[in-house]
Amino acid sequence: MKNKKLEKRARRGTPIAQVAALPYRRTADGDDEILLLTSRQTGRFILPKGWPMKGRQDCEAAAQEAGEEAGVVGTLHEQSVGSFHYWKRLKDTFVPVTVEVYPLYVQQELDEWKEWKYRKRGWLKPHQAALLVDEPELAALLESIAPELACF
């Protein structure tokens, strides 16, 4: 979505929504790990996320973002595990965004992918991931998700 469109929607009070994938895997020891990646501009740790896509379910759009931004492919869960809010930085302003999060059980990690030159990725235990993200609601979601991942 273009920045001018976002600013206009924010000024009108229209909610701005994004979708995110929560890539996860199980280690040989049976522990769950979550994949975080760095943002392109600031290097903050984030989940792969983007805009809803016309003609696709939100969970499908989240899976596509995971492939493009993090280079991971796997089994998608259609049910969101929660949401978080953050302020998206635009050129001249910030706009509030609500992000719906969909788990993605990672079965393949690509060596090269669309944004591999711009991002770093790392596997972490949920409580470690929660310490690295800036958004308090996302941190709380990551802390609380560990028991749920075992059920997927």
Side-chain angles (χ1 to χ4, degrees), residues 1 6 9-10 13-90 93-111 113-116 118-152:
M1 191 174 289
L6 285 176
R9 289 180 69 188
T14 304
I16 299 170
Q18 284 190 312
V19 295
L22 177 69
Y24 73 97
R25 69 179 181 188
R26 290 220 169 72
T27 66
D29 297 336
D31 292 332
D32 291 318
E33 292 181 322
I34 292 172
L35 181 73
L36 292 182
L37 63 144
T38 56
S39 68
R40 288 179 60 142
Q41 293 179 348
T42 64
R44 293 178 305 110
F45 287 100
I46 62 169
L47 293 177
K49 65 184 177 305
W51 306 109
M53 298 174 186
K54 205 176 226 179
R56 289 184 171 221
Q57 293 180 5
D58 286 347
C59 58
E60 293 171 331
Q64 182 171 327
E65 293 296 336
E68 292 176 4
E69 294 183 359
V72 293
V73 180
T75 303
L76 174 69
H77 299 279
E78 294 181 6
Q79 187 68 34
S80 168
V81 291
S83 62
F84 68 95
H85 299 86
Y86 80 104
W87 289 89
K88 180 161 184 62
R89 181 189 327 237
L90 301 177
T93 189
F94 288 86
V95 295
V97 178
T98 301
V99 183
E100 205 64 43
V101 180
Y102 297 89
L104 178 74
Y105 181 68
V106 175
Q107 294 162 311
Q108 181 183 10
E109 280 184 78
L110 306 174
D111 292 330
W113 63 96
K114 187 174 181 178
E115 297 187 14
W116 72 277
Y118 310 107
R119 299 182 187 270
K120 293 182 178 147
R121 60 186 179 189
W123 289 101
L124 303 149
K125 291 184 178 4
H127 72 275
Q128 295 169 324
L131 293 172
L132 291 177
V133 297
D134 286 346
E135 298 83 7
E137 291 176 3
L138 176 55
L141 179 65
L142 295 174
E143 280 282 355
S144 69
I145 197 67
E148 285 188 48
L149 290 177
C151 299
F152 292 133

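- Glu65 CD to Leu47 CG: the interatomic distance, rounded to the nearest 0.5 Å, is 12.0 Å.
- Checking Glu109, Glu33, Gln128 one by one against Trp123, the side chain to side chain donor-acceptor pair (under 3.5 Å) holds for a single residue, Glu109.
- Listed here is the closest heavy atom pair of Val106 and Pro23: CG2-CB, 3.6 Å.
- Between the CG atom in Leu35 and the CZ atom in Arg25 there is a gap of 8.0 Å [rounded to 0.5 Å].
- Note that CG of Asp29 and OG1 of Thr27 are 4.5 Å apart. Values are rounded to the nearest 0.5 Å.
- Lys49 forms no cation-pi arrangement with Phe84, by the criterion of a distance under 6.0 Å to the ring centre and an angle within 45° of the ring axis.
- Considering only heavy atoms from C-beta on, Ile34 comes within 4.5 Å of Ile145 through its side chain.
- Contact of the Val97 side chain with the Gln18 side chain is registered, since non-hydrogen atoms from C-beta on lie closer than 4.5 Å.
- The pair Arg44-Glu135 meets the salt-bridge criterion, with a side-chain N (NZ, NE, NH1 or NH2) lying under 4.0 Å from an Asp/Glu carboxylate O.
- For the residue pair Arg56 and Gln64, a side-chain donor N or O sits within less than 3.5 Å of a side-chain acceptor on the partner.
- The minimum heavy-atom distance linking Pro52 with Ala17 is given by the pair CD-O, 3.3 Å.
- The shortest side-chain heavy-atom distance between Glu69 and Tyr118 does not fall under the 4.5 Å cut-off.
- Interatomic distance, Met53 CE to Glu60 CD, rounded to the nearest 0.5 Å: 10.0 Å.
- Formation of a donor-acceptor pair under 3.5 Å by the Arg121 side chain with backbone atoms of Leu37 is not found in this model.
- Atom CD of Glu137 sits about 7.0 Å away from atom OG of Ser83, to the nearest 0.5 Å.
- Between Leu142 atom CG and Leu124 atom CG the span is 9.5 Å, to the nearest 0.5 Å.
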